[in-house]
Structure formats: C-alpha cells, structure tokens
2 protein chains.
Amino acid sequence: MSSKPTMRDVARKSGLSIATVSRVINFPADVPAETAKIVTAAMAYLNYRPNINGRRLKMTQTSTIGVLVPTLANPVFATSVQGIEQEANANGLTVILTSSEYDPEREMGAVSTLLNNRVDGLILTLANADNNPVVDLLLAEKIPFVLLFNQPSRADIAAISVDNAQSAYDMATAMIAKGHRSLAMVAGQFESSDRSRQRYDGFCRALDDAGIAQKHLVQVRFGETDLVAPLADFLCGPEEVTGLVCSTDMLAIAAISACRAHGLSVPDDVSVGGIDGISVGGLITPKLCSAVQPTQEMGQQALAFLRGLIKGQTNPQSLLLPHHLSDGDSIGDFRRRSSTLL
Amino acid sequence: MSSKPTMRDVARKSGLSIATVSRVINFPADVPAETAKIVTAAMAYLNYRPNINGRRLKMTQTSTIGVLVPTLANPVFATSVQGIEQEANANGLTVILTSSEYDPEREMGAVSTLLNNRVDGLILTLANADNNPVVDLLLAEKIPFVLLFNQPSRADIAAISVDNAQSAYDMATAMIAKGHRSLAMVAGQFESSDRSRQRYDGFCRALDDAGIAQKHLVQVRFGETDLVAPLADFLCGPEEVTGLVCSTDMLAIAAISACRAHGLSVPDDVSVGGIDGISVGGLITPKLCSAVQPTQEMGQQALAFLRGLIKGQTNPQSLLLPHHLSDGDSIGDFRRRSSTLL
DNA sequence: TCCGCCAATGTAAACGTTTCAAACCTTCAT
DNA sequence: ATGAAGGTTTGAAACGTTTACATTGGCGGA
C-alpha cells in the first residue's frame with residue numbers, strides 16, 4: 001500500500017490484464033478507445049508511474065545516453081551539453097552526465113559507469129582522441145559513440161568538431177596581417193587536450209607560412225585564470241610579444257586581464273585572440289576576437305549523429321563544421337610599444 | 001554469445017553459484033579470498049559488466065539523483081552542476097540532468113521523467129519555489145529533494161541559497177554610498193525566476209532606506225544579451241540613471257556592453273553591479289563588482305544535504321550562505337554625466 | 001561415534017516490465 | 001448450424017539482479 005503502485009495494481013484496478021495495461025502505455029493505437037479510457041482512469045486514480053528500470057531491464061534499448069565532458073566550468077562545454085540536453089529532451093532520451101575534470105585517468109572510470117548503466121550510446125569530449133583506451137573499448141564493445149570537439153585521426157569514428165588547427169591558423173594569420181611579428185600561443189596543457197595541441201600546430205603553421213621562426217608557447221593548467229605570472233616573461237621580456245593567440249576564449253579573457261595587470265593595453269599594446277566563441281566574449285570590452293564555433297548546435301548535431309548510429313546506421317560520419325573569425329576589437333594593428341619609451 | 005555476459009555466465013564459468021558471484025561484487029569481505037579470485041578471474045575473462053538496471057529493479061535505492069536547472073548557458077548553473085557532479089561522483093551516485101529552459105511549464109515534465117527513473121532524490125532550481133505544483137508533488141510522494149538558489153517561504157523544505165534580497169540590497173546600498181541617486185534594476189522576468197523578484201525587493205528596500213522614491217525596473221527575457229534598446233530610455237532619457245543593479249552577472253556584463261554602445265563609460269558615467277559572482281566577471285574590464293555567492297560549493301552542499309535526506313534524516317534544513325561584494329571597479333563615485341554638456 | 005556449529009555456498013523467489021503465443025468472443029459467409 | 005476471420009484480451013516467460021533461506025561439509029567437543 002505504502003509502496004508505489006505497479007502495472008499489476010493498475011491491471012487489477014481496471015479489471016484488465018497487465019498486458020493490456022502495457023499496451024495502453026506503449027501502443028495506445030492498438031487498443032480500443034474505451035479500454036484505454038478505463039486503464040488511464042485507473043492509472044490516474046492510483047497515481048501510477050511506470051518504472052523505467054523495469055522496462056530497461058526487459059528491453060534492449062534503454063533510451064538513455066551518456067555524456068562525458070572535461071568540465072562544466074568552461075562555457076564551451078556547458079553550452080554543448082545544453083545543446084545535447086535540448087535535443088535529447090526533444091527525442092525522449094534521458095541524459096546521464098559525467099565529467100573528467102580534464103584528467104585522462106578519470107575518463108575510463110566515467111565511461112565504465114556509463115556502460116554499466118547500459119546507455120544506448122555516448123557523446124564524449126576526450127583529453128586525447130588518439131590511442132585512447134576508452135575509444136578502443138567502445139569500438140570493441142560496439143557501443144555507438146560520437147566524439148565532440150575531438151578530431152581523431154582515424155576516419156571510422158564519428159566526430160563533430162571545427163578544424164582546430166585551421167582556427168588557430170586563421171587567428172594567427174589575422175594578427176600577422178596586422179603587422180605583428182612576435183607572437184605567442186597561450187594553450188592549455190597538451191596532455192589534457194588534443195585540441196590544444198592541434199591548435200598549436202595550426203599556430204605554428206601560420207608562423208611558418210609567414211616566415212616567422214620564433215614561436216612562443218606557454219602552457220597553463222586547465223582551470224587556471226591567473227595568467228599574470230605565466231605571461232610576464234613574454235609581455236615584459238626582451239621578446240616583447242605583441243600578439244597572443246589563445247587556445248580557448250577563457251584563456252583569452254584571462255590573458256586580456258593579465259595584460260592589463262602588466263599595464264599593457266589591449267589592443268593598443270597587445271593583440272589577443274581566442275578560439276571557441278563563447279557568448280560572453282562578445283560582451284566584454286574590448287570585444288573578444290575569436291574563432292567562433294557553433295557550440296550549442298554542435299551538441300545538438302552530436303546527438304542527431306548518435307541517434308543515427310543507435311538506429312543502426314553503420315559507417316560513422318565525421319563532421320567538420322565551419323568556424324569564422326568574429327569581428328572583435330581585441331586585436332589591432334601592430335604599434336611599437338609605447339611603454340618601451342619609458 | 002554475442003549478447004552481453006550476465007552474472008549467470010560468470011557463475012557458470014567459475015563453477016560457482018550466481019549468489020556467490022553477487023556476493024563477490026557487493027560484499028567482497030564476506031567471501032574467502034580464494035573464491036573471490038576465481039570469480040574475479042571469470043569476470044575479467046568474460047568481460048563481465050554488472051547491469052545496473054537489474055540491480056535497480058531489485059533494490060529500493062537506485063543510487064541515482066536527478067538534477068533540474070533552468071539552463072546550462074548561464075555559468076552560475078553550470079558551475080553549480082559541476083559541484084553536484086563532483087560530489088556525486090565522489091559518492092558513487094549517477095546524475096541525470098534535465099533543464100527547463102526557464103519555462104515553468106516544462107518543470108513538471110522534467111521532474112516526471114526523473115521520478116519515472118526512480119531517482120533517490122532531486123536537486124532543483126525552480127522558476128518559482130512557492131505555490132509550485134512540482135514541490136507539492138514531491139512533498140506528497142515523499143521524495144527527498146533540495147532546492148538550489150531558490151528561497152522558498154515554507155520552512156520545511158531544504159534549500160540552499162544566498163540571501164537574494166540582501167544581495168541586491170547590499171549592491172544598491174553600495175551605489176547609494178557612492179552618491180548615486182538615480183538607480184535602475186535590470187532583472188530577468190519575474191515569472192521565470194523568483195530570485196529575480198526577491199532581488200528586486202531587496203533593491204527597493206535599499207532605495208526606501210535611502211529615501212529614494214523613484215525606482216526604475218527593466219525586465220528582460222532570459223537568454224537575452226542585447227540590452228542596448230531595453231536600456232536606452234533609462235540611460236539616455238531624462239531620468240539619467242547612473243546606477244544599474246543587475247539581477248545576474250550575465251545581465252551586468254550585457255549591461256556594461258550596452259552602456260558602451262550608448263557611448264557611456266563604466267564606471268565613469270554609469271555604475272553597474274551584478275549578482276552571482278561568475279568567474280568571468282573577475283576577468284573582464286572593468287572588473288565586475290558583484291554580490292558573490294559560492295556557486296560550486298553550493299552545488300556540493302546541496303548534494304550533501306540530499307544525501308542526508310535520502311539516508312532518512314528527517315526535518316530538512318535550509319542553508320543561507322553568506323555572500324560578499326567583490327571589489328570590482330564597475331561601480332564608482334557619482335559624477336555629473338559629462339555627455340550632458342553636449 | 002555422534003552432535004551441533006559455523007563458514008561457505010546454493011536455491012529460488014522476487015523486482016516491474018515487455019511480448020509472444022494462445023485464447024476468447026463476435027460477426028458473418030456458407 | 002458451422003467454421004473462418006479478425007479484433008481484443010490474456011497467460012506466462014523472460015530480462016539480470018539481490019537476498020532470505022536452505023543446504024552442505026568439515027571440525028571440535030562430548
């Protein structure tokens with residue numbers, strides 16, 4: 001009595017069998033309107049609530065998908081999860097969320113939990129998409145999955161991303177076009193993010209193409225927001241870097257703040273560009289110039305892809321979405337540093 | 001064969017019974033080391049993975065909790081979910097995530113899904129904590145739940161929040177102390193957020209206490225980031241508002257951007273303050289002055305509370321965490337508007 | 001030698017669904 | 001009157017666990 005009513009209770013109450021009740025729930029069209037009404041009334045009267053776990057046990061599909069992101073503290077991922085969640089909701093799918101905190105070691109544990117939950121499929125943003133045991137496991141177990149933001153080198157893996165290297169290439173090139181010759185990349189640690197490395201590669205290629213030999217790089221821990229010390233050498237040292245290409249918008253915003261702390265103006269003294277296109281970037285001053293990717297749509301798209309794979313569609317497709325440089329004013333023409341006159 | 005191995009398979013393989021296998025998994029201490037080794041080996045050999053849904057069906061507890069937030073697009077909520085997720089992970093709990101998109105109508109549907117999943121408990125941020133059918137339902141069904149960011153007027157509901165009214169009061173008072181007499185509140189729509197209304201109440205109280213009769217209010221749709229038009233009247237009209245108290249940091253950042261678009265400087269012409277304390281606020285220029293709340297800790301705390309309730313602890317406690325005004329420079333001393341000289 | 005005890009293991013009945021095959025009942029043509 | 005047809009409904013067997021209870025066997029004490 002005190003316990004939750006089950007289908008059996010509904011059946012008893014409505015004088016019909018448990019099978020009929022099930023049919024009312026799952027295939028209302030297959031049941032006469034009259035019968036359906038009786039059953040529905042009984043369900044309402046008893047406050048019946050189907051126990052999804054019973055169904056999950058019986059059915060092969062669980063209508064559940066697992067999501068793994070590095071963190072929700074970076075709006076890029078939060079927004080993509082928002083997209084996933086929206087699309088999942090629209091399709092009657094339940095989302096189980098996990099995060100790795102950027103720690104590759106934690107990925108396997110998280111995915112294991114997800115698999116124990118018998119999710120129908122997964123959407124993952126991994127630290128490193130290549131040579132990743134998680135990917136191998138999923139492939140071996142033939143669990144549908146889509147990578148988000150990762151660009152694996154294997155072609156038989158579904159992945160949705162922008163061209164990471166090209167994003168950084170474009171940003172660096174834009175700065176070079178404005179006369180900057182001394183550039184540095186501010187990147188998250190490569191071990192925690194293959195995007196970071198790919199973006200650095202693009203940065204290097206841009207400098208090579210422009211005949212600039214000197215490539216500066218500063219790697220910072222993820223979650224770090226104080227870049228005053230890490231950037232001190234580059235900004236105030238003899239290299240006198242005037243262009244900072246940041247591997248994420250969060251880093252770019254932190255970099256702008258650090259420049260300011262060093263008494264440098266953006267974009268007058270230093271140009272700063274980001275990658276990701278988080279919405280807050282468009283609101284700050286100076287408006288952040290960023291290689292924008294359609295984050296939320298990417299999340300939705302990832303779920304759409306995943307649904308395809310779950311439905312049995314074979315040969316996973318990869319999708320490289322276009323990015324574009326936003327017209328922020330955090331980058332400007334090169335000027336000899338006024339402060340050097342002091 | 002092609003199907004996933006079950007406990008029965010493991011039992012067969014190890015020459016033991018299914019009950020013993022279960023014991024190895026759940027109460028390894030109750031089983032001789034030798035036996036455990038055999039079973040573990042069999043599990044490894046077969047690539048066995050416990051089916052949590054089988055367990056969930058049998059057990060009363062599901063080790064799953066449901067989370068409902070308005071959106072993940074606002075870092076406040078993303079960060080709190082991050083906190084929840086961390087704490088859940090540390091306690092072996094699975095998190096099911098849903099969002100209402102700020103639409104009160106969608107809350108019931110989301111919670112229904114969660115209940116069908118037989119979650120052990122819920123953490124919710126509701127549009128309106130009072131007279132909410134969702135709350136009534138949860139109370140009636142005796143499902144443990146904790147409200148996050150909401151301040152319900154009933155005392156028998158667990159809720160974790162800062163003092164919303166006081167936050168706004170403090171911010172408005174800070175501006176008044178700096179000489180501002182013409183203030184406006186920029187708030188999200190009250191129907192979508194009781195915090196918004198509570199904060200407005202605090203704003204009004206501060207003005208009353210200072211003997212300022214004229215109270216301006218502009219309500220904007222959630223998700224809206226373009227405040228240029230909505231703020232035009234206040235900033236450029238005859239009222240010449242010089243202080244904007246914003247009900248969220250996201251709004252504050254958007255407001256600063258709008259001021260700039262109107263040719264006004266922050267904080268020289270207009271002071272802008274926010275509430276929430278999202279981390280990006282500390283990085284932008286001018287550094288955002290905000291009534292900071294410990295968002296991530298609030299998420300963790302909420303989960304801790306919830307675990308207590310699930311364990312059977314009766315009489316839910318509310319927790320009102322302290323906030324503090326950050327020392328941002330987005331608010332400054334009142335000055336007669338220079339632009340009015342034109 | 002027998003008894004009882006204890007540790008180790010096994011048996012089998014749930015948990016709440018879904019679903020296949022079978023049963024039931026009208027209706028209608030023969 | 002008989003039977004085929006077809007629309008409704010039902011019975012019962014899973015799905016993969018957990019767990020109360022039963023069984024086993026070895027051992028020490030009487």
Side-chain angles (χ1 to χ4, degrees), chain A residues 1-40 42-43 46-64 92 94 113 115-120, chain B residues 1-40 42-43 46-64 92 94 113 115-120:
Chain A
M1 263 303 87
S2 87
S3 176
K4 297 227 168 233
T6 90
M7 261 183 48
R8 216 172 304 271
D9 297 320
V10 176
R12 195 172 8 246
K13 181 81 195 168
S14 55
L16 288 164
S17 81
I18 184 179
T20 303
V21 176
S22 174
R23 254 143 76 261
V24 171
I25 295 175
N26 298 299
F27 313 97
D30 293 4
V31 128
E34 193 58 25
T35 314
K37 204 172 302 177
I38 297 175
V39 173
T40 314
M43 295 198 300
L46 293 174
N47 250 302
Y48 170 72
R49 214 172 251 300
N51 184 331
I52 297 209
N53 295 313
R55 152 191 299 234
R56 287 214 181 98
L57 183 55
K58 183 65 191 176
M59 312 238 295
T60 31
Q61 299 239 341
T62 59
S63 292
T64 300
T94 295
T113 305
L115 292 184
N116 291 353
N117 274 278
R118 295 298 192 269
V119 293
D120 290 339
Chain B
M1 261 308 85
S2 88
S3 175
K4 296 227 170 233
T6 89
M7 260 184 49
R8 219 172 302 272
D9 297 322
V10 176
R12 198 175 2 253
K13 181 79 195 169
S14 55
L16 289 163
S17 82
I18 184 180
T20 303
V21 176
S22 174
R23 268 189 227 103
V24 170
I25 295 176
N26 298 299
F27 313 96
D30 292 5
V31 128
E34 193 58 26
T35 315
K37 203 172 303 177
I38 298 175
V39 173
T40 314
M43 296 198 300
L46 292 174
N47 251 303
Y48 170 73
R49 215 172 252 299
N51 184 331
I52 296 211
N53 296 312
R55 154 191 297 237
R56 287 216 180 98
L57 183 55
K58 184 64 189 172
M59 312 242 291
T60 30
Q61 300 239 342
T62 59
S63 291
T64 300
T94 295
T113 306
L115 292 185
N116 291 353
N117 274 278
R118 294 298 190 271
V119 293
D120 290 338

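All values below come from the heavy atoms of this structure, side chains included, with hydrogens, waters and symmetry mates left out. Because the structure is predicted, anything quoted here is derived from the model rather than measured.
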Side-chain contact, heavy-atom cut-off 4.5 Å: [X] with [Y]?
X	Y	answer
R49(A)	R118(B)	yes
N117(A)	T62(A)	no
I25(B)	S22(B)	no
T94(B)	T113(A)	yes
R23(A)	T35(A)	no

Task: First encountered from the 5' end of DNA chain D, between R23(B) and G54(B) - done: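 Per heavy-atom nearest nucleotide, the more 5' residue is G54(B).
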TODO: Without swapping roles, check the side chain of N53(B) against the backbone of N53(A) for a donor-acceptor pair under 3.5 Å.
DONE: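 Looks like no, no N/O pair under 3.5 Å.
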Task: the helix from dT1(C)-dA30(D) to dT30(C)-dA1(D): angle between end helix axes, five pairs per end, rounded to 10 degrees - done: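 Comparing the axis at each end, I get an angle of 70°.
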Task: Residue mapping more 5' on DNA chain C - nearest nucleotide basis, M59(A) or P32(B) - done: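 Per heavy-atom nearest nucleotide, the more 5' residue is P32(B).
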TODO: By nearest nucleotide on DNA chain C, pick out whichever of K58(B) and A19(B) is the more 5' one.
DONE: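 Here A19(B) is the residue nearer the 5' end.
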If you look at every strand shown and take non-hydrogen atoms under 4.0 Å, does [X] touch a base, only sugar-phosphate, or nothing?
X	result
N53(A)	nothing
R118(A)	nothing
T35(A)	sugar-phosphate
I18(A)	base
S22(B)	base
R56(A)	nothing
T6(B)	sugar-phosphate

- [ ] Please list, in 5' to 3' order, the outermost nucleotides of DNA chain C lying under 4.0 Å from any heavy atom of chain B.
- [x]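 Answer, 5' to 3': dA8(C) to dG16(C).
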Task: Between CE on residue M7(B) and CZ on residue R55(B), distance to nearest 0.5 Å - done: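 If I round to the nearest 0.5 Å, the distance is 10.0 Å.
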Rounded to the nearest angstrom, tell me the gap between atom [atom1] in [X] and atom [atom2] in [N].
X	N	atom1	atom2	result
N51(B)	dA14(D)	CG	P	18 Å
L57(A)	dA14(D)	CG	P	14 Å
D30(B)	dT18(D)	CG	P	14 Å
F27(B)	dT17(D)	CZ	C1'	12 Å

Open item on the list: Checking R12(A) now: which residues fulfil salt bridge (Lys or Arg N to Asp or Glu O under 4.0 Å) with it, not counting sequence neighbours?
Closed with: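 For R12(A) the salt bridge (Lys or Arg N to Asp or Glu O under 4.0 Å) partners, ignoring immediate neighbours, are D9(A).
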- [ ] Consider only side-chain N and O atoms of T64(B) and R56(B), and report whether a donor and an acceptor are under 3.5 Å apart.
- [x]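 Their side chains do contain a donor-acceptor pair, which is all the 3.5 Å distance test asks for.
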